[in-house]
Protein chains: 2
Amino acid sequence: MIEKLLKSKKLRRTPFRKEVLGVFLNEPNAISVTDIEARLKQFDRITLYRTIKSFIENGLIHEIVMPGDIKKLALCPDECSSVNHVHTTQHMHFRCRMCENIFCLNLHEFPEINIPRFKVDSIEIQGTGICNICL
Amino acid sequence: MIEKLLKSKKLRRTPFRKEVLGVFLNEPNAISVTDIEARLKQFDRITLYRTIKSFIENGLIHEIVMPGDIKKLALCPDECSSVNHVHTTQHMHFRCRMCENIFCLNLHEFPEINIPRFKVDSIEIQGTGICNICL
DNA sequence: TCATTTATGCAACAATGTTGCGTTTTTGTT
DNA sequence: AACAAAAACGCAACATTGTTGCATAAATGA
């Protein structure tokens, strides 16, 4: 699974990368760099940052940012690649203001946004509220 | 104008705040902290950060973040206050990938997002593409 | 004008992320 | 299986961005 995923994105399968990817696969929601660090026994901080960067560049994970210094990472759908991060037109991000978890949710009906005189390439939607678990 | 704006948000009208607010009023689009710094002759960095924070907390400006370490600030519509930043349900943010400007655009038809079993309080929409000027 | 409250400016610190570089590991090829 | 090339690792040092504490100064309401 882990090996296959790295291979499919043309990333070298080093022990550290497998470990970091394993962290993502074990988490249902988006996680922060600090979350990742907490789940690794010992690691080099610089290598972790470079690993994250290469995961993003190769379409394995994507970054989610929100006002208030919220920065998280989450696995991409399989279709993502370095040339095309398609998730922005397929799923939205939701922040629960109770548990503070960030969810990637798939919308079947994605709204269409037209702006007169503008060419819109992609749309990103972020919602805030209360999640199904906290409700 | 500047005085009135500060007073309406119950912020003390100090020379520095008037100067910073003036920078926002002179810019059509969202600006970064670095942009503000470049437009001030001499200033204290800490005071600037505190000024920005209090402007945000009092509904005078709002923060716009996007993946890739993009962090900008823009004036709020008049209706915003510390208790209610309404802009999130009234306008969207658009990043032009040519000029890299970030626009606050008002949408008359704001899409409605319903997520089964979730309570959605607010929606933020961010678009990317090419702006009317670059087109 | 005066007292209270808030903002300012300095120093020091904290968090987060990056660059350079020599060494090690992975990979595709012999 | 061994080897060479390419990429990743790990260390040090640095860069950027933002915060806290505190003494002084300025703004506000009485």
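Below, chains carry the letters A, B, ... as their sequence lines are ordered, and counting in each starts from 1.
With salt bridges taken as basic N to acidic carboxylate O contacts below 4.0 Å, one links A:Glu27 and A:Arg39. Between A:Asp44 and A:Arg50 there is no salt bridge, since no side-chain nitrogen of the basic residue lies less than 4.0 Å from a carboxylate oxygen of the acidic one. A salt bridge is defined here as a Lys NZ or Arg NE, NH1 or NH2 lying under 4.0 Å from an Asp or Glu carboxylate O, and A:Arg95 with B:Asp121 fails to meet this definition.
In this structure, B:Asp69 and B:Phe43 both approach DNA chain C, and ranking their closest nucleotides by distance from the 5' end singles out B:Phe43. The 5' end of DNA chain C is approached more closely, in terms of each residue's nearest nucleotide, by B:Arg12 than by the other of A:Pro15 and B:Arg12. The nearest heavy atom of DNA chain D to B:Arg13 and to B:Thr34 marks one nucleotide each, and the one closer to the 5' end goes with B:Thr34.
With hydrogens and angles ignored, a donor-acceptor pair closer than 3.5 Å exists between the side chain of B:Arg45 and the base of D:dG18. Between the side chain of B:Arg50 and the base of C:dT8 there is no donor-acceptor pair of N/O atoms closer than 3.5 Å.
Distance CG (A:Leu11) to C1' (C:dT25): 15 Å, rounded to an integer number of Å. Spacing between atom CD1 of A:Ile46 and atom P of D:dA15 amounts to 15 Å, rounded to whole angstrom units. Atom pair B:Lys72:NZ and D:dT17:C1' shows a separation of 16 Å (rounding to whole Å applied). Following rounding to the nearest Å, B:Phe16 (CZ) and D:dA25 (C1') show an atom-to-atom distance of 15 Å.
Phosphate contact (OP1/OP2 of D:dC9, side-chain N/O of A:Thr14, threshold under 4.0 Å): present. Side-chain nitrogen and oxygen atoms of A:Lys10 include none within less than 4.0 Å of the OP1 or OP2 phosphate oxygen of C:dT27. A sub-4.0 Å separation between OP1 or OP2 of C:dA7 and a side-chain N or O of B:Thr51 is absent. Residue A:Lys7 places no side-chain N or O under 4.0 Å from the OP1 or OP2 atom of C:dT27. Between A:Tyr49 and C:dT18 there is no side-chain polar atom (N or O) within less than 4.0 angstrom of OP1 or OP2.
Nearest nucleotide to the A:Thr47 side chain, out of D:dT19, C:dG17, D:dG10: D:dG10. Here the nucleotide nearest the side chain of A:Lys71, chosen from C:dG17, D:dA8, C:dT27, is C:dG17.
By the 6.0 Å contact criterion, NZ on B:Lys18 is enclosed, its count of non-hydrogen atoms from other residues, nucleotides or ligands being greater than 12.
Note: A:His93 and A:His62 have parallel aromatic rings, judged against thresholds of 30 and 60 degrees for the angle between ring planes.
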